[in-house]
Amino acid sequence: MAKLIFPEDFMWGASASSYQSEGAWNEDGKGESIWDRFCRTPGNIENGDTGDVACDFYHRYAEDAKIMGELGLHTQRISISWPRIIPDGDGKFNQKGLDFYRRVVDSMLENGVAPFIMLYHWDLPQKLQERGGWLNRDTSDRLAELAERVFSAFPKEVPYWGTILEPQIISYHGFWDGKHAPGIRDFSSALLAAHNLLLAHGKMVRAFRASGSSGQIGITNYLPHHYAISADPEDVKACRRWDGCWNRWFLDAVYKGCYPSDMQDWYKNHGVVLPDIAPGDMELISTPTDFFGLNYYYSYFIGAGDDRWPLMVKSIKPTNLQYTAMNWPICPDGFYDTVMRCWKDYGKPIIVTENGAAFDDEVIRNELVRDEKRIRYLESHLSALHRAISDGADVRGYMVWSSFDNFEWALGYKKRFGLVYVDYKDQRRIMKDSGKWYADVIRRNGLEKDWRLMEGIWSKSL
Ligand code: FCB
């Protein structure tokens, strides 16, 4: 059976984030974040879980960096907790917070793992929320200041930098359906938040270039693939709108310097207030970056309907696909299609900054986690990625979400995505079968077989 070998220098990694793994929510001078606050409001998070302790990465980073080394990761993404370094988001600086990231970076380097630092993965200082948070344009300057501090602390040690993680999820779950902090429900506000987040992105890229730090920088977008449920023109148009809202709004802004005009017209006709665009904003937002960060988990199947004002769509869950514990359809062909589309439409080298799946993992005999389904999920998606590369897409790296089980936002600790199991009772780490398998993939720089040639795997076409 054909082996699938990835390009030489292909970067293999895994990802995690500050709020989801660090814990130590109020230690060593850290300020409160909007997630600390959001989790304390009853009803927001399943089971009343919080990130107060999470994986206790704040205290266990050295042990965890060893495990990253055992996995053979070329890179591991971490994110910066802004209120750990600037507790109120503005003004007073907390050296102890920055010292923590220094220790983390050093431990990773000692274990042969290159750090990938994401500057913003959702934990805004609560004090800035009280001044409007992402609805206040000023927040973008405050984040650029934080970034400057971090760039100057790590002038050479960090080869990869991310600005904002998934502006779509921050805007739409934070401000449209309110499932995430700060829990607002207003579509016009979501577009304003998106604009300010994208401004912050542009300002951070410029600050990075000015800092003279080495390494590459990019933004990471959340990029499901969107399929129309039929060839009916109304379904096709609805699907294009959905894609316009989730994907093109952000990608066109960052890589083409404009918001898509069809979406602007649609929104105006539906009474949405569009954000004010100051002179120079779009140039700032589209400041050139070095790579295209792509997160893919599943695809959407969209037709015309009455849901999700102002988009007026319906979303269906096909019965011929299998689903993860998140109830997300498993759709590796959608991964291929989204990678090809991003490459063709935007033409930037791609790093897959997240891909992975939650399943109901169990520990056997106190030491084994037989997570065959996760292996199959990753294998099928890596096969699809390999196909995209063979078909011409310039993909430089792939990162699993996540290295370790962690706090899955509104769904708390029940959803496990890790290659490494975390027992939250005693913080014990257990390498899952998928972790051992992934270490082999990295060693071989590829897969033993193409999932399309294997029997008994989930649906191979849509
Ligand atoms: C992504 C987030 C990440 C994690 C995964 C499952 O949207 O970036 O923090 O929650 O989903």
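Every number for a ligand or one of its atoms is a count from 1 in the order of the listing. As the structure is a prediction and not an experimental result, all values here were calculated from the model.
Donor-acceptor pairing under 3.5 Å is recorded for the side chains of Gln76 and Ser403. No donor-acceptor contact under 3.5 angstrom links the side chains of Asn196 and Ser140, judged on distance only. No hydrogens or angles considered: nothing links the side chains of His225 and Ser299 as a donor-acceptor pair under 3.5 Å. Checking Ser18 against Ser79 by side-chain atom types alone, a donor-acceptor pair falls below 3.5 Å. If you check the side chains of Asn295 and Glu166, you find a donor sitting under 3.5 Å from an acceptor. There is no side-chain donor-acceptor pair under 3.5 Å between Tyr421 and Arg429.
Considering backbone and side-chain atoms alike, Glu408 places an N or O below 3.5 Å from some N or O of ligand 1. Considering backbone and side-chain atoms alike, Trp122 places every N or O at 3.5 Å or more from each N or O of ligand 1. Remark: ligand 1 and Asn295 share no N or O pair separated by less than 3.5 Å (distance only, no angle test). At a 3.5 angstrom cut-off on N or O pairs, Trp328 does not count as close to ligand 1.
Residue His121 places a heavy atom less than 4.0 Å from ligand 1.
Residue Tyr377 is tested with Thr324, Asn355, Asp371 for a side-chain hydrogen bond (donor to acceptor under 3.5 Å, both in side chains); the sole match is Asn355. Across Tyr58, Tyr120, Phe407, a single residue satisfies ring-ring contact (aromatic ring centres under 6.0 Å, His included) together with Tyr19, and that is Phe407.
With hydrogens left out, the protein atom closest to atom 5 (C) of ligand 1 is Tyr297 OH, 3.3 Å, a heavy atom. Scanning the protein for heavy atoms near atom 1 (C) of ligand 1, the closest one is Glu354 OE1, 3.2 Å.
In the vicinity of Phe417, heavy-atom distances shorter than 4.0 Å reach the ligand 1 atoms 6 (C). Every atom of ligand 1 with a heavy atom of Glu166 under 4.0 Å away is listed here by number and element: 1 (C), 2 (C), 7 (O), 8 (O). Near Leu165, meaning under 4.0 Å from any of its heavy atoms, are these atoms of ligand 1: 8 (O).
Within the 4.0 Å heavy-atom criterion, neither part of Met326 lies near ligand 1.
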